S.K.: 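Can you read through this structure? Questions will come right after.
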Amino acid sequence: MPRGKLPRSFYARPDVVAVARDLLGKVLVTRIGGATTAAVITETEAYMGAVDKASHAYGGKVTPRNKVMYGEAGHAYVYLCYGIHHLFNVVTNAHGVAHAVLVRAVHPLEGLDVMLKRRNMKKLTTGGPGTLTQALGILTAHTGTDLLGDLITIEDRGIAVPRKAIITGPRIGVDYAGEDALLPYRFHFDPSILK
DNA sequence: CAGCAGATTGACT
DNA sequence: GTCAATCTGCTGC
């Protein structure tokens, strides 16, 4: 299995659901504020742009916030939810197609002390879409960041997630999206298999 | 331009 | 179990 930074071609594939599934077990690395933190991606959700009611880009809508989703694959889309939480997405597919993968949970690998300091909590939790970004130091200011640069990258470190360990299910927190909320676009696995 | 609801989290009744 | 925190963007006056 090839290792190192994922190439642009990984993100540019037309099947955003496949990209979401393949991101499981990959390592999200940030080099922000002079500190390096790394964590294994354990949960993702696919958002199908214009045809997905749960997506910010549903109906081909463009706003200052989501315009980066229409850009080149392999860039970060970070946005603020409820005015407080930074959610990290990866832009996929072709330029002009607003598909993206939301990273909902990670498993810490490196920089545990830095994550604890950033979160200012005794116990480190990265099990939610808003908490993992705080632990890794990702802010809305990083939206549009190229994942093939140095600040934020996703690498393959040879971690293999058995197909049978991958759990597929409906996305969370998007009940308002009607039938689209039932689509099996959520993928995750139990990080305990990494030990 | 005021009001509201949302890919959420953590602290408190 | 309930609720506040607080930003973006849509709707309606």
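In what follows, chains carry the letters A, B, and so on, assigned in the order in which the sequence lines appear, proteins first and then strands, with residues in each chain numbered from 1. Just so it is clear, the structure is predicted and the values come from calculations on it, not from any experiment.
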S.K.: Given atom CG of A/L139 and atom P of C/dC7, what is their separation to the nearest angstrom?
M.R.: 14 Å
S.K.: I want to verify a distance call: between C/dC7, C/dT6, B/dT9, whose nearest atom is closest to the A/I84 side chain?
M.R.: C/dT6
S.K.: Look at all strands and tell whether A/T140 reaches a base, only sugar-phosphate, or nothing, counting heavy atoms closer than 4.0 Å.
M.R.: nothing
S.K.: Roughly how many Å is it from NE2 in A/H56 to P in B/dA5, rounded to a whole number?
M.R.: 16 Å
S.K.: Validate the cation-pi geometry between A/R13 and A/Y11: distance from NZ or CZ to the six-membered ring centre under 6.0 Å, angle to the ring axis within 45°.
M.R.: no
S.K.: Atom OG1 of A/T30 and atom CD of A/E110: how far apart are they, to the nearest 0.5 Å?
M.R.: 10.0 Å
S.K.: Rounding to an integer number of Å, can you tell me how far A/L87 CG sits from C/dC7 P?
M.R.: 15 Å
S.K.: Which whole number of Å gives the distance between the P atom of C/dT6 and that of B/dC12?
M.R.: 15 Å
S.K.: Of the non-hydrogen atoms in A/F88 and A/I138, which two are nearest, and what is the gap between them?
M.R.: CD1-CD1, 3.8 Å
S.K.: Any idea which heavy atoms bring A/G25 and A/V161 closest together, and the distance?
M.R.: CA-CG2, 3.7 Å
S.K.: Mind checking whether A/L87 and A/T133 have side chains closer than 4.5 Å, heavy atoms only?
M.R.: no
S.K.: Detail all sub-3.5 Å separations between protein N/O atoms and N/O atoms belonging to nucleotides 9-12 of chain C.
M.R.:
unit_1	atom_1	unit_2	atom_2	d
C/dG9	OP1	A/T63	OG1	3.0
C/dG9	OP1	A/R65	N	2.6

S.K.: Please list every stem that involves DNA chain C, where a stem is a run of 3 or more consecutive Watson-Crick or G-U wobble pairs with both pairing distances under 3.5 Å.
M.R.: B:1-6 with C:7-12, B:8-12 with C:1-5
S.K.: Can you see if the side chain of A/R104 gets near the phosphate of B/dT8 - specifically, an N or O under 4.0 Å from OP1 or OP2?
M.R.: yes
S.K.: Picking from B/dG10, C/dT6, B/dT8, which would you name as closest to the side chain of A/H85?
M.R.: B/dT8
S.K.: Which atom pair, heavy atoms only, marks the closest approach of A/A100 to A/V16?
M.R.: O-CG2, 3.6 Å
S.K.: Assess the side chains of A/Q134 and A/R119: does a donor N or O sit below 3.5 Å from an acceptor N or O?
M.R.: yes
S.K.: Pick the P atom in B/dT13 and in C/dA5, then give their distance to the nearest Å.
M.R.: 14 Å
S.K.: Which heavy atom of A/P108 sits nearest a heavy atom of A/M115, and at what distance?
M.R.: CB-SD, 4.0 Å
S.K.: Evaluate the side-chain proximity of A/T145 to A/V78: yes if any heavy-atom separation is below 4.5 Å, no if none is.
M.R.: no
S.K.: How far does the P atom of B/dA5 sit from the matching atom of C/dC13, given to the nearest Å?
M.R.: 15 Å
S.K.: Rounding to an integer number of Å, can you tell me how far A/H86 NE2 sits from C/dT8 P?
M.R.: 11 Å
S.K.: Distance check needed: C/dC7 P versus A/L80 CG, whole Å only.
M.R.: 7 Å
S.K.: Measure from the side chain of A/C81, starting at C-beta and using heavy atoms only, and say which of B/dG10, C/dC7, B/dT8 lies closest.
M.R.: B/dT8
S.K.: Please give, in whole Å, the distance from B/dT9 C1' to A/R118 CZ?
M.R.: 19 Å
S.K.: A/H99 and A/G49: which non-hydrogen atoms are nearest, and at how many Å?
M.R.: CD2-N, 3.6 Å
S.K.: For A/Y77, report the nucleic acid contact type (base, sugar-phosphate, nothing); a contact means any heavy atom under 4.0 Å.
M.R.: base
